[in-house]
J.: 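Once you've had a glance at the structure underneath, I'll fire off some questions.
Whatever order the structure lists them in is the order used to number ligands and atoms, beginning at 1.
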Amino acid sequence: MQQLTSYIMGQWLFGQGESRKIYHALTGEALYEVSTEGLPLVDSLAYGRKHGGDALAAMTFQQRGQMLKAVAKYLLERKDYLYEISAQTGATKVDSWVDIEGGIATLFAFSGLANRELPDDTIWPEDEMIPLSKQGQFIARHILTSRRGVALHINAFNFPCWGMLEKLAPTWLAGVPAIIKPATASAQLTQAMVSLIVESGLVPEGAIQLICGGVGEIFEHLDFEDVVTFTGSAATGQKLKSHPRLREKSIPFTMEADSLNCAILGVDVQPEQPEFSLFIKEIVREMTSKSGQKCTAIRRIIVPGSQLEAVKQALLHRLSGITVGDPAVEGVRMGALINQEQRDDVQEKVLFLQQNGCEILCGGTTQGVNIIGGDIHTGAFYPPTLLYCADPYTHRAVHETEAFGPVATLMSYQTTEQAVELAIMGEGSLAGTVVTAEASVAQEVIRHSARAHGRMLILNEAAATESTGHGSPLPLLVHGGPGRAGGGEELGGLRAVKHYMQRTAIQGSPSMLTAVTKQWSRGAEVYADPVHPFRKYFEDLVIGDTLLTARRTVSEADLVNFACLSGDHFYAHMDKIGAAQSLFGERVAHGYFVVSAAAGLFVDAAVGPVIANYGMENLRFIEPVKIGDTIQVRLTCKKKIKKAQKTQEDKPNGVVEWDVQVFNQHGVVVALYSILTLVERREGDFV
Ligand code: NDP
């Protein structure tokens, strides 16, 4: 048996004393042992904060994003090694793909987010400025800064790779080091991935540490800037959440626990409709992928009473075709549970459900199950198990008991209102699905049951071919759920990153806030330069560089020409009588003319470092521009985001956001917006 080491303070270590064993899911053979007794676990906190924390916090979001991408590429090139180890966990090839490559894809997704949306800086100005005074010299903004603690991630056994990476990506992007504590049952796969990450040299030392085994006294030494996340059983989660140290130091605890996810078949769906077979397919996939050991798996199948028999027969038919055994053998559709202990737990839960209002329609026992290429006595195999609950309104067990295996319960409703009631009886779920062809059914289900779910899928024929499915958490979407599901929110794009950062409201003068955030706020100092800002390279532009343009008087000919050019003959611009009766009392210039004329005033037409204009944000027309009004524009460099150069052939560039204010002869602002330009850099990344 191999000793599975932990990675603590830059060393691979194994503890003393009694160890726990990790078993092969298919053969039951003891493969590894874990022990952390006597290891410097408590010291690993300070080590992580100091070494990993200092290094990560000094990197900009863009650099952290590039680090995630480099790690993702490194892991992808070595995935075969991970697949080999994953096979020990009873996973099929597809199960392993979701775990290994799905996890790596999360790193890529967060790297892309950083590249597109985050500054090349260590602080993140979160929103636009908030005016607080009449003169405009007292404003506020919210900024996010990295917590200077460690993130302790306590993970579940079912996704040893994805479960780690979906938390690591936002943690590292936030500039925070992590200590990973995988579930012992599948820790060998997490350890293999961590060892690859460490060996790559791509992340600063201390950015990742690994505890294979117990966490010892670590909770007692957590500090106010640390963060704890937990995925696993509600019982353990609640116990850890109520640790006095977390309360004492107000340490955030993100929990993702049991979830009795539901799928509702719409009251409109008949067996001959495509939605009916989509429903059946989705249920069977959710029951059998990862042998049902998925936090998002469908546990409650809610169908109209009129379709109960048809659904039951269709499910029994499809489940009877699921071959269970060693996934290495051709034709095997479902592998094993993680170990015998977990199988005993599932069996116990099925018996409990049976004693609490459920009857077994198929499976429910290991007796007489045909296992291909494996032995039911040594491997942790369990058959697909369909239960039926005749009175789900009375028997709460079916809404409360998570049998973490290929187990789901069928139940019926009469009205959509009742279907919603059943969905909500789960008291908080990670994911829910409604399969319907009717928009009104989707509307009723979602509007009334969204409050009890973290994510909801509306499945119909149109969405089916491209649907990512009920059970797949996606990096850009919220993963987490209220109530029983733990009340946490992992993933969800940049939302996830914010959990590891501190939000602070800063107040002061616009110039002070500009200096702090490195983003220009209206009212702050500007720098007029004889060199036109469009003639400057990315590196040479200074936040606050400004241009006050020449003026232009708007004539009736402008309106007519613009109307003819654009085809926009709207009455407010072109119909004297209609306009007289309008809000403005007379003809006014097209808003788009004002924007176009503004560009005419501020651009420098000659070839130069500005490569392209690629967008406009927050456009507001504040006051009308009338015939005879004179407009003028102030263009100010607001924000700069350096872009990583993808290939040596690409022109190195960065995004420059410009604040644009158009005002009239009275100094009154008529239009406000930002424009985004790509500006060439003098130096590329491949020097
Ligand atoms: P546990 O809650 O027992 O374990 C989850 C994690 O917590 C593991 O890493 C475990 O480590 C760790 N842990 C346990 N006790 C402590 C402690 N005192 N201090 C610190 N860490 C601790 O869940 P399991 O993984 O054993 O799964 C059991 C059940 O949980 C499943 O049958 C299923 O019902 C549910 N579950 C739900 C999930 C969901 O997201 N909905 C996901 C996974 C499981 P170790 O393994 O070393 O004990």
J.: Look only at the side chain of Asp258 and the backbone of Glu402, and say whether a donor-acceptor pair between them is shorter than 3.5 Å.
T.: no
J.: Could you tell me whether Val34 approaches ligand 1 through its side chain, its backbone, both or neither, with non-hydrogen atoms closer than 4.0 Å?
T.: neither
J.: Near Asp345, which atoms of ligand 1 are under 4.0 Å from a heavy atom of that residue?
T.: 32 (O)
J.: Should the heavy atoms of other residues, nucleotides or ligands under 6.0 Å from OH of Tyr393 be counted, would the total exceed 12?
T.: yes
J.: Step through the shown structure and confirm whether more than 12 heavy atoms of other residues, nucleotides or ligands are within 6.0 Å of NZ on Lys21.
T.: no
J.: Backbone N or O of Glu489 within a donor-acceptor pair of the Arg495 side chain at under 3.5 Å?
T.: no
J.: Given that the side chain starts at C-beta and the backbone is N, CA, C, O, which of these parts of Val346 lies under 4.0 Å from ligand 1, counting heavy atoms, or is it both or neither?
T.: neither
J.: Give the residue, atom name and distance (to 0.1 Å) of the protein heavy atom nearest atom 6 (C) of ligand 1.
T.: Asn155 O, 3.4 Å
J.: Does Lys349, backbone or side chain, put an N or O under 3.5 Å from an N or O of ligand 1?
T.: no
J.: Taking the six-membered ring of Tyr83, is the NZ or CZ of Lys93 close enough (under 6.0 Å from the centre) and on axis enough (within 45°)?
T.: yes
J.: At what distance is the nearest protein heavy atom to atom 10 (C) of ligand 1, and which residue and atom is it?
T.: Lys181 CE, 4.1 Å
J.: With atom 37 (C) of ligand 1 as the reference point, say which of Gly232, Gly237, Cys295 has the nearest heavy atom.
T.: Gly232
J.: May I ask you to check whether Glu205 and Tyr47 show a side-chain donor-acceptor distance below 3.5 Å?
T.: yes
J.: For Lys239, is the nearest heavy atom under 4.0 Å from an atom of ligand 1?
T.: yes
J.: Applying a 4.0 Å heavy-atom criterion (strictly less than), which segment of Thr184 is in contact with ligand 1: side chain, backbone, both, or neither?
T.: both
J.: Does a donor on one side chain sit under 3.5 Å from an acceptor on the other, for Lys167 and Thr231?
T.: yes
J.: Does at least one non-hydrogen atom of Phe230 fall below 4.0 angstrom from an atom of ligand 1?
T.: yes
J.: Between Pro182 and ligand 1, find which residue part has any heavy-atom pair under 4.0 Å and reply side chain, backbone, both or neither.
T.: backbone
J.: Step by step, would you call Arg245 with Glu220 a salt bridge (Lys or Arg N to Asp or Glu O under 4.0 Å)?
T.: CA-CA 6 Å; Arg245 185 73 176 179; Glu220 280 75 13; over 6 Å; no
J.: Hey, which atoms in ligand 1 end up nearer than 4.0 Å to a heavy atom of Asp258?
T.: 35 (C), 37 (C), 41 (N)
J.: Looking only at protein heavy atoms, which one is nearest to atom 20 (C) of ligand 1, and what is the separation?
T.: Val215 CG2, 3.6 Å
J.: Measure across Thr378 and Thr27 and return the closest heavy-atom pair with its distance rounded to 0.1 Å.
T.: CB-O, 3.3 Å
J.: Can you pull out the closest protein heavy atom to atom 33 (C) of ligand 1? Residue, atom name and distance to 0.1 Å, please.
T.: Phe404 CG, 3.3 Å
J.: Just one of Arg147, Arg49, Lys249 clears the salt bridge (Lys or Arg N to Asp or Glu O under 4.0 Å) bar with Asp226, so which one?
T.: Arg49
J.: Any idea which part of Thr231 is under 4.0 Å from ligand 1, heavy-atom wise: side chain, backbone, both or neither?
T.: both
J.: Mark up the atoms of ligand 1 that fall under 4.0 Å of a heavy atom belonging to Glu256, in ascending order.
T.: 39 (C), 40 (O)
J.: Classify the ring geometry of Tyr7 against Trp12: parallel below 30°, tilted from 30° to 60°, perpendicular beyond 60°.
T.: tilted
J.: Does the pair Ser86 and Ser96 meet the rule for a side chain to side chain donor-acceptor pair (under 3.5 Å), with working shown?
T.: CA-CA 6 Å; Ser86 182; Ser96 299; 2.7 Å; yes
J.: If we set the cut-off at 4.0 Å for heavy atoms, which region of Ala257 has an atom near ligand 1: side chain, backbone, both, or neither?
T.: backbone
J.: Looking only at protein heavy atoms, identify the closest one to atom 19 (N) of ligand 1 and say how far it is in Å.
T.: Leu240 CD2, 3.4 Å
J.: Validate the cation-pi geometry between Arg78 and Tyr74: distance from NZ or CZ to the six-membered ring centre under 6.0 Å, angle to the ring axis within 45°.
T.: yes
J.: Check whether any side-chain N or O of Arg300 sits under 3.5 Å from a backbone N or O of Leu422 as a donor-acceptor pair, and report yes or no.
T.: yes
J.: Starting from atom 27 (O) of ligand 1, what is the nearest protein heavy atom, named by residue and atom, and what distance separates them?
T.: Phe157 CE2, 3.5 Å
J.: Quick check on contacts: which atoms of ligand 1 are under 4.0 angstrom from a heavy atom of Ile154?
T.: 6 (C), 7 (O), 9 (O), 12 (C), 21 (N)
J.: Counting heavy atoms only, which of Gln342, His479, Lys294 is nearest atom 31 (C) of ligand 1?
T.: Gln342
J.: Does Glu402 reach ligand 1 with a nitrogen or oxygen that is under 3.5 Å from one of the ligand's nitrogen or oxygen atoms?
T.: yes
J.: Given Thr236, Thr401, Leu152, Asn261, which one has a non-hydrogen atom that is nearest to atom 13 (N) of ligand 1?
T.: Thr236
J.: At what distance is the nearest protein heavy atom to atom 29 (C) of ligand 1, and which residue and atom is it?
T.: Ser233 CB, 3.7 Å
J.: Just grab all the ring pair (Phe, Tyr, Trp, His ring centres under 6.0 Å) pairs involving residues 155-178, residues at least two apart or on different chains.
T.: Phe157-Phe404, Phe159-Trp162, Trp162-His479
J.: List ligand 1 atoms under 4.0 Å from Ala183, heavy atoms only on the residue side.
T.: 8 (C), 9 (O), 46 (O)
J.: What is the closest protein heavy atom to atom 43 (C) of ligand 1, and at what distance does it sit?
T.: Ala156 CB, 3.3 Å
J.: Heavy atoms only, cut-off 4.0 Å: how does Arg20 contact ligand 1, side chain, backbone, both, or neither?
T.: side chain
J.: If you look at every heavy atom in Ala178 and His153, which pair is closest and at what distance?
T.: CB-CD2, 3.9 Å
